[in-house]
Structures are given as structure tokens and as C-alpha cells.
There are 2 protein chains.
Amino acid sequence: MAEPTPPSRQQLVAGAADMIRRRGLNATSIREVAKHAGTPLGSTYHYFPGGKGQLAGEAVRFAGDTVAKVLAKRLRAGPVDGLRAFLALWREILTGTGFRAGCPVLAVSVEEPADDDAVLAVAAEVFTGWEDQLAAALREHGAEPVEAGQLATLVVTATEGAVAVCRAQRATRALDRVAAQLEKLVAAAVEG
Amino acid sequence: MAEPTPPSRQQLVAGAADMIRRRGLNATSIREVAKHAGTPLGSTYHYFPGGKGQLAGEAVRFAGDTVAKVLAKRLRAGPVDGLRAFLALWREILTGTGFRAGCPVLAVSVEEPADDDAVLAVAAEVFTGWEDQLAAALREHGAEPVEAGQLATLVVTATEGAVAVCRAQRATRALDRVAAQLEKLVAAAVEG
DNA sequence: GTCTATACGAAGATAGAC
DNA sequence: GTCTATCTTCGTATAGAC
């Protein structure tokens, strides 16, 4: 890392992540990402020789890491706090954008793994990472290993699914209902 | 309905649904849908004057109704049977296509509601319909109304999320874990 | 080394030939 | 009434000017 990351490069990654979570991967054009970041189109291919695939991969990784950091911090106060932070994070994204933004990791997971399954592999790692964080916290607080793993997966999948359903329904109802169920389950798992 | 539905029209709808669940909405071109159905491009605009938006809307509705019929049939044997059928249905789609196909309703829910929010409205209806079917079955088998609603939403969101996660991870692990948790919850809800 | 201008293909949609 | 051929726009990617 002798080379410091140029600000415009990071802006392109963050901009791509934002656009992907709103429109999906295919509807996100490099042209518009560049325009939104204020950089010319040519610069994009200078920073990302791998083209759209590379940019999308880094965008998904960036979004995944951002969530993982919040999760790591809040899980230190216990699984219930971590869950609440996770849910609040997605709720804020939904309501803060008028239900126009969702999850970029989910977005790339739903579209074609045509020839560019590199992006999909990043998405898989991000999902697994979130699950592992939650499962570890549950185990550390007395949850049974098998139960911890299943519950962690349920939290991630239900939340991701709820974000998509909320976007379609333009209401937080689904996420609120999921939150009620998951909080009950997580609380019960760390007691027993 | 004096006009019988032409076979090619239905093939276009079914083909569009299949392509959307694999590639997503934006990557699904009318050209390729027409080619796959063996009909010329012009015919598509004859059958669907509303263009891609109309075709996509009917495709999502078609997919939603197909699932709803399976759900209605199997829910007559009870909520647990309905849940199992729902999960088995998605599991079969994943494994039967090498994790290349997912849920078309989820796919359109994750992509841009740019100007064509008609498709998104159909997706919302489909999700709500599935939830209502499950919630009604749960209530009829003794589940508390609030619990029934929350649990029905959890089933739909967790399953949809799991389908996406499974696609990314190219494994049924997430869906299997979700199945274990949901079966336990549904069974408990109909007892109490 | 950065950016402008362009090549090339494919998308949605339609006009007009059969 | 059905389909072919085309119009226009926008996508990725690059070649070459500063």
C-alpha cells in the first residue's frame, strides 16, 4: 500500500455500491457511476482495468465490510444488540431513501451469474461473514452450536428477504414483523 | 374471455418468468424471450402493447400464481405441510438448475422501480398473497392472530432471502438451516 | 498519466412489407 | 393480422489526444 488510494477511486466504489443497491447490477452503468462521481469515463478503466466486474466486486465488498463493522461493534454488547443494529441499519436505508434502496449484496445475488461469477463469489463471502459473526456471538453467549448456526442464517436470510419485500410493498411492515420474531428467538437462544 | 389465449402468448409469459428468475429483470431482453418462445420480435408487441413492463408484470403474476396454487393445495393438509411444500419448491428450483434460477418476484423487487413501478406493485401483491395464505392456515390451526401474521411474514422473507443466499453460495445450506428453524416455529405455533 | 472522442454491439420500440 | 427491417438510444470498452 505504498500507493495511497485516490479519493476518486473510493468515490467510484461507494457510488457503484449505492447505485447497485438501488437499481441492481445490470441497470448500473459505468457511465453513470463515473458521472455521479465526477470522474470521466476513461478514469474508471484506469482505476479498474477489470471493467465493470471488478468495480462491482469491490462495491459489494465495500458494502459488506461496512455492515460487518457495525455488526462487530454492536455484537460486543451481545447478540440481541447486534441483531437490533443489523435490523435498524436496513430499516434506515429503506426509510431514508423512500424504499428506493435495498441491499447491494442481495442485488448481485439475484442477477445472472453469466460469465462473471466473481461478483457472486464476493456476495457469498459477505453473507457467510455476517452469518459467522452472528453465530459466534450467539455461541459466546451460551447458545448451542447447531442452534447458533441455524439462527444466524435465519437472521441474515429473513432480514435480506424482508428488505426486498419492503421495497416491493413500500412499507416497513415485513421488516418490523421479522424483527419481532427474530428478537424473540435470539433472546431465547442466549438464555437457555 | 371470448378470445382464447394464444399458445405463443402464454409461452412468452412463461419464458419471461424463467428468464427473469435466472438473470433478473434488466438482463432479460424481449428479443431473447421471443427467440426462446419461437415467435418474432414484432409479435411480442402485438400481444403486449405495453412493452417490456407489461410482459414482466404478467410474468411475475404467472410465477406468483403458480406458487400460490401449490401453497393452497398443500396448506389444506396443515401449515407444516404447506411450509414444507413451499420450501421444497424453491429447493427444487435451486438444485434443478444448478443454482442458476431463483425467484422472479424477488428479482424484480431488488431492481429499479425507475419509472415502471407497475411490476413492483405486482410483486408486492404476490408477496402479500403468499403471506395471507400462510397466516390464514396458521390461524385456522389455532395460532394466535398476531403470531400467525408475524410467522407468515418470517416464512416468506426467510425463504426468499435463503434462495438468494443459496444462489450466491451455490449450496442449499442456508435453505436447509432456514427450513429447520421454520418447521420448529410453525409446529410450535399450531400446538399452543 | 488523464481524459475526450469514438468504435462496436445490443437494447426497446415501431413502421411498413406481406 | 404477422412478421421483417430499421430507428434511436445507450451499454462496455478502447484508442489516441493532451
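All chains are named by letter (A, B, ...) in the order of the sequence lines, taking the proteins before the strands, and each is independently numbered beginning at 1.
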Taking distance alone, no hydrogens or angles, what donor-acceptor pairs closer than 3.5 Å link side-chain atoms of residues 65-79 of chain A to residues at least two apart or in another chain?
from: A:Thr66; atom 1: OG1; to: A:Phe62; atom 2: O; distance (Å): 2.8

For B:Arg31 and D:dT6, give me the distance from atom CZ to atom P, rounded to whole Å.
13 Å
Side chains of B:Gln169 and A:Thr128: is there a donor and an acceptor less than 3.5 Å apart?
yes
Return the value, rounded to whole Å, for the distance between atom CD of B:Glu112 and atom P of D:dG11.
10 Å
Which is true for A:Thr28 with a 4.0 Å heavy-atom rule: it touches a base, it touches only sugar-phosphate, or it touches nothing?
sugar-phosphate
Flag the pair B:Arg84 and B:Glu183 as a salt bridge only when some basic side-chain nitrogen lies within less than 4.0 angstrom of an acidic carboxylate oxygen.
yes
Short side-chain donor-acceptor distance under 3.5 Å, A:Tyr47 and A:Thr39
no
Taken in chain and number order and not counting sequence neighbours, the residues that satisfy side chain to side chain contact (heavy atoms under 4.5 Å, CB included) with B:Arg167 are A:Pro113, B:Leu94
If only side-chain N and O atoms of A:Tyr45 are considered, is one of them under 4.0 Å from the OP1 or OP2 phosphate oxygen of D:dT14?
no
Between A:Asn26 and A:Pro49, which is nearer to the 5' end of DNA chain D once each is assigned its nearest nucleotide?
A:Asn26
Could you give the start and end, 5' to 3', of the contact zone on DNA chain C for chain A, using atoms under 4.0 Å from its heavy atoms?
C:dT2 to C:dT6
Can a salt bridge be assigned to the pair A:Arg177 and B:Glu147 using a cut-off of 4.0 Å between side-chain N and carboxylate O?
no
Within the structure shown, what part of the strands sits under 4.0 Å from A:Gly42 by heavy-atom distance: base, sugar-phosphate, or nothing?
base
